[in-house]
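One structure is given here, and the rest of the page talks about it.
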There are 4 protein chains.
Amino acid sequence: MTDEANQEDASEAPPASFRADERKDRLLCAAERCFIDSGFHGARMAQIAKAASVSPGLIYHYFDSKEQIIAELIQRHFNEKKAMLARIEETDGSVLDAFLASLEEGLQSSLDPFWSAMTLEVTAEATRNDDIAKLLCCSDGEMRDRLRAALKRENDAPDMDARIEMFVALIQGLGIRAIRNPDMEREAVVKLLRDMVEHLFRRRPQD
Amino acid sequence: MTDEANQEDASEAPPASFRADERKDRLLCAAERCFIDSGFHGARMAQIAKAASVSPGLIYHYFDSKEQIIAELIQRHFNEKKAMLARIEETDGSVLDAFLASLEEGLQSSLDPFWSAMTLEVTAEATRNDDIAKLLCCSDGEMRDRLRAALKRENDAPDMDARIEMFVALIQGLGIRAIRNPDMEREAVVKLLRDMVEHLFRRRPQD
Amino acid sequence: MTDEANQEDASEAPPASFRADERKDRLLCAAERCFIDSGFHGARMAQIAKAASVSPGLIYHYFDSKEQIIAELIQRHFNEKKAMLARIEETDGSVLDAFLASLEEGLQSSLDPFWSAMTLEVTAEATRNDDIAKLLCCSDGEMRDRLRAALKRENDAPDMDARIEMFVALIQGLGIRAIRNPDMEREAVVKLLRDMVEHLFRRRPQD
Amino acid sequence: MTDEANQEDASEAPPASFRADERKDRLLCAAERCFIDSGFHGARMAQIAKAASVSPGLIYHYFDSKEQIIAELIQRHFNEKKAMLARIEETDGSVLDAFLASLEEGLQSSLDPFWSAMTLEVTAEATRNDDIAKLLCCSDGEMRDRLRAALKRENDAPDMDARIEMFVALIQGLGIRAIRNPDMEREAVVKLLRDMVEHLFRRRPQD
DNA sequence: CATGAATGAGGCTTCATTCAT
DNA sequence: GATGAATGAAGCCTCATTCAT
């Protein structure tokens, strides 16, 4: 807060939109933390406001409703995934290698119970909120398409769709595992995961 | 239950204890449906009561609270899983074959968005309710232990724990996939799953 | 319960009204205990039923409602008081002496927190339930009239009404004290009470 | 409170803390009225809210629960009593005279059926709520101690404890009488009360 | 913009009372 | 008569949202 105050001192008209964006971002981050702790339904607006160090009323200057916060958070979720995917697409060498390389990084977050908890919340919400379901379906579809396209160079098996589903299932499933078995030996699992992914994508089409 | 059945044959009088069990079961089923539709927090007691065609007050003759209903449902979930596991353990032939055979059956429910939604609810709840977390951790641990023991005959790789985690991740991850991509080609996925599981467990320990 | 069973054995037609009265009495006693423990509003019908070892539904064969139980209990309350008063009226010697003699006995119950609690409940209820208020006002008035008549022989001071009020206030006030200060030294208080009552009634009209 | 008064003078802006206190006080008064009308258990939060002209939800900005409102009211009750006692303690002349003088004032409230009803509620609640019982026992004890100390100058009879109990019993008992017999001749009773109190405290220790 | 007091609908739960057996 | 399951109307309390300041 002192930082912003300094910036305000520097120029009489501080970029309002910047501060607004920053404030909105802070709110989203606070909301994410709360949702992870308490779930979409369990988290209270007052709790989010406190976590973001603002008054409850102020939230409604940035968001129309709790629902909208959830929607924006989910959007952000997907943007992060897409950014990761973009980095893989841009690689010069073997896509699969870049993919495996980024797997470790990705796993750091996928296996992170916090991150996984968010995925769970989002997926669970999709089973009851049709808007979320559509958003998920769409984004998920786009991700799969791009993944398929990126991997086509490596492997054009006719059942690539199923393989990709299997892959995503593995990643997200491990997220659940991380929650249900906090003592899971991550190193052995990551090693095994590499092996599985190679088996999935390196292999020639079924003979 | 057999006693009551006899009594039923003897006279028209409906055995009280039987009806009580039946009513409780009906309530649990209604609750499960509601929880799948709306989540643990989203589902309302009134909604559950209506789904079971009883008055709201009656629920409290059978359960102390909403929380207890959730707990009993989770317990029931694990009992089903354990029953499946018991059938596999009792097989005479190859455990892995029995396992693969039951996979299809299991997948029917794991891929069933209803069933998966319940798993999501339960897992998500574990991230915020410590009691549920403990119950899950315990039951999950028992299941993994028994699975490991059952598979030892086939494969005693030193990283069996990781492999089992991977396997369960696959199954539960596919549950999520079924929700996020309802158009998933199930046949191809099931076929691939068989292949993956064979790869996981049939293989000799890493050389 | 075994006793009643025996009686039933003795005569095929057990005096139904007797059993009914006995049952009703048991219910009233159970209700009194519950009301003392939890207050008129705090006591639950189920609690009363359990205390009387009957089913909740049966209560409604004997009473129309909870309110009626309260009313009958209050009536019984007054009957006991009137019986005590009657014994004093019938004495041959000094009414005041009989009175003072019965004071100790009366105090045993008035100072008994149980009994006093009932008086409190009844009086408190009178502040909100007009029916009870009327009943109380009436019964109380009758008691005061009879007390005044009985004491007239001893003392016909013109302010006898006030003195009687003062006397009853003392008795009932001590009931409150017994609740608020359980460590009260009863002997000293009883001794002092005798002195006060003598002062109240033995004295000639104010000079 | 003086600070806020100054601020009020300075500008029209109503000091937030002042309004908060005022609102809380209004709620307490409204609650008191409702409790007197309907009893602690009979009074409804909605009724209290309406009596204070606020929405039901607002009550919970100022109090944690209905129980807490009751507790604060009881506390306030004792504070009033203590203030009265403090005035008597500070008198220069005869404590007993100051005492008798304040008796009339005190009686105005003790004989006020409203006030007495509150005492009844509080005492009745003490028979079932242990927290209240402890609070009452404590506060009552303190009051008796201070009363005894204040009267020691006048009268150091060895049974002063019993006399004080008797005195309080008289006052509180008259409160009950005021409820049970609204037609009580207050003047005669007050006159008699003076006489009784003098008899209680002016007298030398028993010979 | 910012605050946080205020609102009020609605959730979970209780409990007096009824009724099928 | 006797039971206790069943009812359903409230009750206490929560919390997303609004609004005066």
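Counting only heavy atoms from C-beta on, C/Ser55 has its side chain closest to F/dG4 among E/dC1, E/dT7, F/dG4.
For F/dG1, neither phosphate oxygen OP1 nor OP2 lies less than 4.0 angstrom from any side-chain nitrogen or oxygen of C/Arg23.
To the nearest angstrom, P of E/dA5 lies 15 Å from CZ of D/Arg26. Following rounding to the nearest Å, B/Lys50 (NZ) and F/dT7 (C1') show an atom-to-atom distance of 15 Å. Look at CD1 on A/Ile59: it is 13 Å from P on F/dT18, rounded to the nearest Å.
For the pair D/Lys66 (side chain) and D/Phe40 (backbone), a donor-acceptor distance under 3.5 Å is present. Under the 3.5 Å distance criterion, the side-chain polar atoms of A/Arg128 are left unmatched by any main-chain donor or acceptor of A/Ala126.
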Its contact letters, B for base, S for sugar-phosphate only and - for none at protein heavy atoms under 4.0 Å, make nucleotides 12-17 of chain F read SBBSSB
Dot-bracket assigned to DNA chain E with the 3.5 Å Watson-Crick/G-U criterion, [ ] for crossing and | for other-strand pairs, is .||||||||||||||||||||
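As judged by a 4.0 angstrom heavy-atom cut-off over every strand, A/Tyr62 is placed among residues touching the sugar-phosphate backbone only.
In the model, C/Asn129 has a side-chain atom that pairs as donor or acceptor with a side-chain atom of C/Glu67 under 3.5 Å.
For A/His77, the ring-ring contact (aromatic ring centres under 6.0 Å, His included) partners two or more places apart in sequence, or in a different chain, are A/Trp115.
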